[in-house]
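Inspection log for the structure reproduced underneath, given as structure tokens.
In listed order, ligands and their atoms are each counted from 1.
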Amino acid sequence: MTIPKQIQIIHTCNACTPGAKELIHVDCANHIYPDGSHGIHEMCFRVLEKEIVALCGPNGSGKSTLIEHLNGLLRPSSGNVTVMGKKLDLSLSDIWRDVGVVFQSSDDQLFAPTVLDDVMFGPMNMGFNIEQAREEALSALKAVGAEKLSDKIPGYLSGGQKRLVCIAGVLAMKPGVIAMDEPTSDLDPLHAQMVEDIILNLKNNHGISIVIATHDLDMAARISDRVCIVKDGSIIAEGKPKSIFYDKNLLEMSGLRQPNVVRIYEGIRKDPGVIMDNCPLTIDELIKNISRMMRES
Ligand SMILES: Nc1ncnc2c1ncn2[C@@H]1O[C@H](COP(=O)(O)OP(=O)(O)O)[C@@H](O)[C@H]1O
Ligand SMILES: [Mg+2]
């Protein structure tokens, strides 16, 4: 990774809800791995209550390293991470109660003999008795639509089923923030849609803030409240999905490509006879635009 001499923030964040409580604050954090590689560089990042924040950036830009700092799996080499108002230092070992992480590789997370045992592990670790832990685990499995998998052996599940169980395992601990690393990568369209619906449900019905690191810019456009563009270990731009995803130059210089909906919309809009005005982010919004344009022509 080349570390830029000076980070230029392209958009200042106008996407944060004014007055919203700050749950996580990463303040100028650097992480240098033992082999000298820079994972993140002067990283500044916030998570506010009840929001979906997307971290979008090319491979190696520092998304996973940032995510692992949010619940203390990694500690910054310099700079600070504050979670729920508490500065993360060596004595703070139970931050995983507040922030759950769903790893990119489900196999890194699943280890118990059955799905239920796996999802019960978190609540048990938090001091719940077996009955309470079972209740929490079953309710988390239900929330992700995986209650029928409770007796299965995790290793034999499909990739999509494993992802649901991993989300349940984190949800069972009732954290305020869940960070998911590439939550839809390697999933078939049905499971990717399920995960997307779960993310929205966790925010809307459980009041949980979600951080997603993703290459799937179409998904980020559909569901995120705020988008952060990660490049060379830093956030170089952040804003509402419309202002970020309609900025072609920004995405190109960040090694990303505009979401498909945006590319189609801009392609159609190039035609001088076409009047479309509201910059859609979802297929439904794009269809409404095209239908209106066809009615009016
Ligand atoms: N365990 C590690 N040891 C050494 N370097 C690492 C390690 N993990 C990640 N890196 C380096 O840190 C940088 C950021 O990686 P990562 O956070 O995995 O990016 P992303 O998730 O955006 O693909 C990359 O240059 C990568 O090679
Ligand atoms: Mg990664």
- Item | Any donor-acceptor pair under 3.5 Å from Arg163 side chain to Ser106 backbone |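 A pair under 3.5 Å: no.
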- Look at the side chain of Thr282 and the backbone N and O of Arg222, then say whether any donor-acceptor pair between them is shorter than 3.5 Å.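 Looks like no, no N/O pair under 3.5 Å.
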- Query: Polar-atom distance check: Lys63 versus ligand 1, any N or O pair below 3.5 Å?
  - Reply: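 Min N/O separation from ligand 1 is below 3.5 Å for Lys63.
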- Of the listed options Gly62, Gly60, Gly57, closest to atom 24 (C) of ligand 1 (non-hydrogen atoms):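 Among Gly62, Gly60, Gly57, the closest heavy atom to atom 24 (C) of ligand 1 comes from Gly60.
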Which atoms of ligand 1 are found less than 4.0 Å from any heavy atom of [X]?
X	answer
His38	12 (O), 13 (C)
Gly39	12 (O), 13 (C), 14 (C)
Asn59	23 (O)
Ser61	19 (O), 20 (P), 22 (O)
Ser37	4 (C), 5 (N)

- Query: Does the distance from a Lys or Arg side-chain N to an Asp or Glu carboxylate O, for Lys288 and Glu285, drop under 4.0 Å?
  - Reply: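 Here Lys288 does not pair with Glu285 in a salt bridge, since their nearest N and O are not under 4.0 Å apart.
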- Message: Under 4.0 Å between a side-chain nitrogen and a carboxylate oxygen: does that hold for Asp181 and Lys63?
- Response: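 Judged by the 4.0 Å cut-off on N to carboxylate O distance, Asp181 and Lys63 do not form a salt bridge.
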- Residue Thr65, metal the Mg ion (ligand 2), N/O/S under 2.8 Å: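 Of the N, O and S atoms in Thr65, none lies under 2.8 Å from the Mg ion (ligand 2), which means no.
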- Message: A side-chain contact here means heavy atoms from C-beta on lying under 4.5 Å apart; do Leu116 and Arg134 qualify?
- Response: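 SC-SC contact between Leu116 and Arg134 confirmed.
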- Within a radius of less than 6.0 Å around CD1 of Ile283, do more than 12 heavy atoms belonging to other residues, nucleotides or ligands occur?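 No, CD1 of Ile283 has 12 or fewer neighbouring heavy atoms, counting only those of other groups under 6.0 Å.
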Under a 4.0 Å heavy-atom limit, does [X] contact ligand 1 with its side chain, its backbone, both, or neither?
X	result
Thr65	both
Pro58	backbone
Ser64	both

- Applying side chain to side chain donor-acceptor pair (under 3.5 Å) between His31 and each of His69, His38, His41, Arg75, report the one that passes.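 Of all the options given, the one that passes is His69.
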- Message: For Thr214 versus Ala220, what's the shortest heavy-atom pair and its separation?
- Response: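 Nearest heavy atoms, Thr214 then Ala220: CG2-CB, 4.2 Å.
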